[in-house]
Every structure is written in structure tokens, then in C-alpha cells.
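Just below is one structure, and these are the notes that go with it.
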Amino acid sequence: MAVRLCYILGADEAPSSRSKPDRGFQVDDKLIVRFAPSPTGFLHLGSARTALFNWLAARSRGGRFLLRIEDTDKVRSEERFLDEILEDLRWLGLDWDGEPIRQSARFDLYRAKAEELVARGRAYREGEAVLFRVEPGRTLAYDDLIHGRIAVETENIKDQVLIKSDGSPAYNFCCVVDDAEQGVTHILRGDDHISNTPKQILFYEAFGFPQPHFGHMPLILGPDGSKLSKRHGGVSVTEYKAEGFLPAALANYLILLGWTPPGEREILSLQETAEIFRIEDMSGVQAKFDVQKLKWMNGEYILKLPAAEYAARITAQLRSDGLDPDHVPAERLAQAAELYRVRIKTLREFGPLADFFFRDDFAVDEEGQAKHLGTAEGKAALALFADRLAGLDEWRHDTIEALCRELAQEKGLKPAALIHPARMAVSGKTKGAGLFEIMELLGRETVLRRMKEPLT
RNA sequence: GGCGCUAUCGUCUAGGGGUCAGGACGGAUGGUUCUCAGCCAUCAGACCGGGGUUCGAAUCCCCGUAGCGCUACCA
């Protein structure tokens, strides 16, 4: 296994063990990291993770987190993608320092820098393009923050395009020019950039720019071990947002893919994580994306939400799913949502489970319908229960429950014999929240109406 | 093909010469209960393979194998 290098902490700090991770007091305002998205698509989960780790690196050390828009590809870059990416970053809870710079506005600079290298004989023209000359016979080595020492022979590196024939700069080149100008000290990015690093080091050398530290984090894989892609399900932050995942849960899960907190706790806020995060504790191993665990974690975050925020999020989700919750009194909707809090893993799951709270044409479980209301016993029990309910004085879950149990005892039935047909009639479901709470919320009128319907 | 990264339960991982190889998700079983979920209890489940080094290897070294990445005038 590669040796982990700890010198990035600064010369005066010895590599400490993770048993004493209290570095909250340390401030290293020299540390500058960046996230450099390309607005050619939505924010991918892998990119989101990269952004998260860069943010953590900065916020854990009092450094700066910059944004750079890599929109050199004019054909594929779109403004709507950029807006979406920035919105998703904010949604995840990330903030950045200063205004993002845009590479599309800096082509003159890149061309000038390339000319500089041509003038010094380090690069040459080939048509309209400018290429950097790579001399063979050297070993280019650097100490990766995550993988340890990585070395490549220059024999294996071709001359590098600096400026393309159409006048636009090549990725590796403007990346170096910008990182140097922005003063980036630590470059944390995906493993797919490992082989770009030696090429970029060549440019740092050619310009005499101080070389930043590099750290390459493994890519996120799909459940089958191949690169995470569409066929595995959602790959963009937007999709998980729409599914009803909470930003804090998604961020927490993504961070756990490649970094483990000391101790037993896995549920950590971004702020808590920033206090104990260290770059060199990141794993160098590719991780598979496991929706199961994400869902579990999302459930945990749903449980912790303050009541008002939970209700607001559920309502917003219903609205965006076209379930039209606004004709139901907010208070009642909030109470219904509470009944399902412990039963849902994503916000989106609430709608289908609880549709009977806000519409009469709710989905009906056919199998359950046949089982509980398709028999003479079921109907008889339902009629009995409905009849008795009509005369109940106070319509509360505890009075309804008392009535139900008394009635069952009186008739020599199990309470379940009354409960199941009733649940079916009232909600169309065989599972869900407790029947008595459901009835209280629905109100006597609705409950009785729905209970009588199967009897006609 | 060349170059590079990686390898502990199904999944995320802890550990890093002597551990009953620990935790979490998921799974299974039992309990609670009107169902489901939850909660409680319990269980199953791993050091990629082969050689070394060593009294002793999951741990160090070498060789394989596998997965992934790069090998663009994409980023």
C-alpha cells in the first residue's frame, strides 16, 4: 500500500494520529482549493463528492474554496447547466469564496501564455495550434496526497497541445495557468486526472510557477463495479433532489464514500465533519455507490428534521410530484406527515403511501381489497364498526380505539378483524400508520362515508 | 497494447507483524404491535491467488489475477 504523506499539514505539524483530531483551532489561510466544473451537463454525484471534499479541505483549515467555470468548450457548454450546478452546490450546503472565474473570458491570457513558451522555445506552432515540446528521458514524480508517490517517464508523454487550431486553449494548459494565478495550493480531484498531473507539472516547471500539492480521489463506481452511469439509476444531484433526498443526507453519504470518521458515528453534519476532516485520511480505494445505505441515512435525517421544516419539505415534494396538497389544511397535512415520518426513507415516498389523506380517488391495494372486504365476514365487521362509530361522542384516536376494542370483545372478535377491513376501506392500503390515528385525522364524516361505500 | 491506481463480510469501512479481524448498511431469526415501519434481542457473513521474509503475515516484499482510470486539438 502506498505511503500516506502528511506534510501537507504544514512543516510545523507532525503527522498526528486520528485519535486526536482536534484541529479546530488551526487556521491556515494559505490553503486554497478549488472546484472547477464544466457546464456541459448536470452536477454528477462524483463531481459533487469532489466539491464536497474540496470544501471540507478548506473549511477544516480556515482556507479558501474557489470556483472556476471550465467552459472552454463553447459548443457543449450551456448557461442552464451552469445555473443548475451552482444551485445544486448551494443546495448541498456548500458556499464558495469570491466570484467564480470563467475560462471562456480568458482566452487572450491563455494565448499570451502559450506565446511566451513559443518565444522561449518550449513550444512550437503547428498550423494554428500551439504544442508544448516534451523532452524524453526524464522521470516526473510527485507525492500524491492520497496515493503516495507516483512517477511517470516522459517517454510516455506526447507533445502537449496548448492551444487548439480553433484558438481555444486545451484543458491541461488553462487549468495550470488558472490554478497558478488563483494561487491554488491543493488540487483535489478525481483519479481520472492522475495521468494529467505529470503533464501539468511540466507546465508548472516551464513557467516557474510554484507547484501545488495534488491529491487524487478514487471514482465512484456503480453497484456492479463499473463506472457510475445512467443505467445504474440517478447520477446527478438533481435526480436525488427530485427523489426526495435531503441535501445533508446526500452530502453525508457521499463523504462516507472515501472518508471514515473516527469512532462509531457515521451521521455527521458538514460542519461537524469539517472539524475533524483531514485530507490524508481519505481512502484511495474505489467505492461502489449503495442506494440502500443512502436511503437508510436519508431516513435518519428525516427523523431529525424539525416539525415545521419536515412539513414544509413534504408539502413541497407533493407539489412538485403533482399531488396538489394545497386544498388540505396545512395543519392536517403536517399531522399526516408525522404519522409517516418513521415509515419513509425519501420524501417522495409519502405521497403514494398517504394519498387517501388528500383525495378520495386514492390508490387501492386490490389483493387487500379482496382479502378484507371481499368476504361476508369482512363486510359484516365493517358494517358493525361503522355503525358503532357513528354514535361516538368524541372523535379522537383514543376514544376510537377504546370503542373498537370494546366492540370486538362484545362480539367475541379479535380487534384485528375490525381493524383490517376498516383500514382497507378508509385508506385503500393494507399497511401504513395506525388506524385510529388515521381515522382521527380524516374526520368522522370522511371515515364513515368511506366505510359505507363497500357495503352498498 | 502502453502507462497508472486499487484489492478486508453482498456494500461502505476499522485495523496495519501476535485481535475471538471491530463497526455501519443490507440479510436472517425471535420479541413488541391492528398492518407496515420503528424499536429491542440474537445470528450468518471477509483479509483476491501464489510465493517469499519471520518463531509468527490480513499487515512487509515479489509475482500473478481482477476491477477501474488514462492513453483526445473532451474536460
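In what follows, every heavy atom counts, from backbone to side chain, and hydrogens, waters and symmetry copies are set aside. So you know, we letter chains A, B, ... as the sequences are listed, proteins then strands, and number each from 1.
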Practice problem: Check RNA chain B against residues 36-47 of chain A and give the residues with a non-hydrogen atom under 4.0 Å, in numerical order. | Solution: A:Ser38
Exercise. May I ask which nucleotide in the shown strands pairs with B:U53, Watson-Crick or G-U wobble, both distances under 3.5 Å?
Key: none
Self-check item: Interatomic distance at C1', B:U11 relative to B:G67, whole Å
Solution: 16 Å
Quiz item: Are A:Phe173 and A:Tyr204 an aromatic pair by the rule of ring centers under 6.0 Å?
Solution: no
Practice problem: Check whether the side chain of A:Ser195 and the base of B:C70 form a donor-acceptor pair under 3.5 Å. | Solution: no
Self-check item: P-based separation of B:G15 from B:G22 [nearest Å]
Solution: 14 Å
Practice problem: Go through B:U6, B:C34, B:C74 for me and flag the one nearest to the A:His420 side chain. | Solution: B:C34
Quiz item: To the nearest Å, how far apart are A:Lys288 NZ and B:G69 P?
Solution: 13 Å
Quiz item: Looking at A:Tyr253 versus A:Phe245, is the centre-to-centre ring distance below 6.0 Å?
Solution: no
Quiz item: Looking only at heavy atoms, which two atoms of A:Asp355 and A:Ala363 are closest? And how far apart?
Solution: OD2-N, 2.7 Å
Quiz prompt | Side-chain N or O of A:His193 closer than 4.0 Å to phosphate OP1/OP2 of B:A75 | solution = no
Self-check item: Pairwise C1' distance for B:G30 and B:C68, with rounding to whole Å
Solution: 43 Å
Self-check item: Donor-acceptor pair, side chain of A:Arg341 and main chain of A:Ala337, under 3.5 angstrom
Solution: no
Practice problem: Kindly state which residues belonging to residues 335-353 of chain A come within less than 4.0 angstrom of RNA chain B, counting heavy atoms of the residue only, listed by number. | Solution: A:Val342, A:Arg343, A:Lys345
Practice problem: Using the C1' atom on both, measure B:G23 against B:A46 and round to a whole Å. | Solution: 14 Å
Quiz item: Taking NZ, NE, NH1 and NH2 as the nitrogens, is one of them in A:Glu437 or A:Arg396 under 4.0 Å from a carboxylate oxygen of the other?
Solution: no
Practice problem: Taking only the side-chain heavy atoms of A:Glu437 (C-beta and beyond), determine which of B:A75, B:C73, B:C34 contains the nearest atom. | Solution: B:C34
Quiz item: So, is A:Lys293 close to the B:U11 phosphate, meaning a side-chain N or O under 4.0 Å from OP1 or OP2?
Solution: no
Self-check item: Between B:G31 and B:A37 - C1' atom distance, rounded Å
Solution: 16 Å
Quiz item: Heavy atoms, side chains only, cut-off 4.5 Å: are A:Asp178 and A:Arg106 in contact?
Solution: yes
Practice problem: Give one of base, sugar-phosphate or nothing for A:Gln292, where a contact means two heavy atoms less than 4.0 Å apart. | Solution: sugar-phosphate
Quiz item: At under 4.0 Å between heavy atoms, what does A:Ala287 touch on the DNA or RNA strands: base, sugar-phosphate, or nothing?
Solution: sugar-phosphate
Quiz prompt | Worked verdict on A:Arg125 versus A:Glu115 for salt bridge (Lys or Arg N to Asp or Glu O under 4.0 Å) | solution = CA-CA 9 Å; A:Arg125 276 198 194 74; A:Glu115 283 312 315; 2.4 Å; yes
Practice problem: Mind checking A:Lys295 for me? I need base, sugar-phosphate or nothing, with any heavy atom below 4.0 Å counting as a touch. | Solution: nothing
Quiz item: With no angle test and no hydrogens, is the base of B:A37 tied to the side chain of A:Lys431 by a donor-acceptor pair under 3.5 Å?
Solution: no
Self-check item: Heavy-atom side-chain contact between A:Pro218 and A:Asp191 under 4.5 Å
Solution: yes
Quiz item: When rounded to the nearest Å, what value does the distance between C1' atoms of B:C63 and B:C74 take?
Solution: 37 Å
Quiz prompt | Closest listed nucleotide, where the reference is the side chain of A:Arg405 and the choices are B:A75, B:U13, B:C34 | solution = B:C34
Practice problem: Hunt down the Watson-Crick or G-U wobble partner of B:U11, both distances under 3.5 Å, from any strand shown, or write none. | Solution: B:A24
Quiz item: Partner of B:G38 by Watson-Crick or G-U wobble geometry, both contacts under 3.5 Å, or none?
Solution: B:U32
Exercise. Please state whether the phosphate of B:A75, meaning OP1 or OP2, lies under 4.0 angstrom from any side-chain nitrogen or oxygen of A:Arg189.
Key: no
Quiz item: Should B:G64 form a Watson-Crick or G-U wobble pair with both distances under 3.5 Å, which nucleotide is its partner?
Solution: B:C48
Exercise. Step through it carefully: locate the ring centre of A:Phe132, locate the ring centre of A:Phe203, and say whether they are under 6.0 Å apart.
Key: yes
Self-check item: Residue whose nearest RNA chain B nucleotide is more 5′ - A:Ile150 or A:Gly258
Solution: A:Ile150
Quiz prompt | is_close_aromatic(A:Tyr171, A:His193), centroid dist under 6.0 Å | solution = yes
Practice problem: From the options B:A24, B:C34, B:C73, select the nucleotide whose nearest atom is closest to the side chain of A:Lys164. | Solution: B:C73
Quiz prompt | Nearest-nucleotide 5' precedence on RNA chain B, A:Glu300 against A:Glu70 | solution = A:Glu300
Practice problem: Just compare B:C74, B:C68, B:U6 and give me whichever is closest to any side-chain atom of A:Val285. | Solution: B:U6
Exercise. Name the nucleic acid region contacted by A:Leu435, choosing base, sugar-phosphate or nothing; use a 4.0 angstrom heavy-atom cut-off, strictly under.
Key: base
Self-check item: Distance between C1' atoms of B:G45 and B:C20 (Å, rounded)
Solution: 15 Å
Practice problem: Using whole Å, report how far CG of A:Leu221 lies from P of B:U13. | Solution: 11 Å
Practice problem: Would you indicate whether the side-chain heavy atoms of A:Ile32 and A:Leu66 approach each other to under 4.5 Å? | Solution: yes
Quiz item: In whole angstroms, how far is the P atom of B:C74 from the CG atom of A:Asp71?
Solution: 15 Å
Practice problem: Would you please indicate yes or no on a ring centroid separation below 6.0 angstrom for A:Phe277 and A:Trp259? | Solution: yes
Practice problem: For A:Lys158, report the nucleic acid contact type (base, sugar-phosphate, nothing); a contact means any heavy atom under 4.0 Å. | Solution: sugar-phosphate
Quiz item: Any sub-3.5 Å donor-acceptor pair from A:Glu367's side-chain atoms to A:Asp365's backbone N or O?
Solution: no
Self-check item: Spacing of the P atoms in B:U13 and B:G50 (rounded, Å)
Solution: 25 Å
Practice problem: Rounded off to whole Å, could you give me the NZ-to-P distance for the A:Lys371 and B:U35 pair? | Solution: 11 Å
Practice problem: For A:Gly225, answer base if it contacts any base atom (sugar-phosphate contacts may also be present), sugar-phosphate if it contacts only those atoms, and nothing otherwise; contact means non-hydrogen atoms under 4.0 Å. | Solution: sugar-phosphate
Exercise. May I ask you to say what A:Phe436 touches in the nucleic acid, namely base, sugar-phosphate or nothing, with a heavy-atom cut-off under 4.0 Å?
Key: base
Quiz item: Could you give the CG-to-C1' distance, from A:Asp191 to B:A75, as a whole number of Å?
Solution: 16 Å
Practice problem: Return the nearest nucleotide to the side chain of A:Val152; candidates are B:C68, B:C3, B:A75. | Solution: B:C3
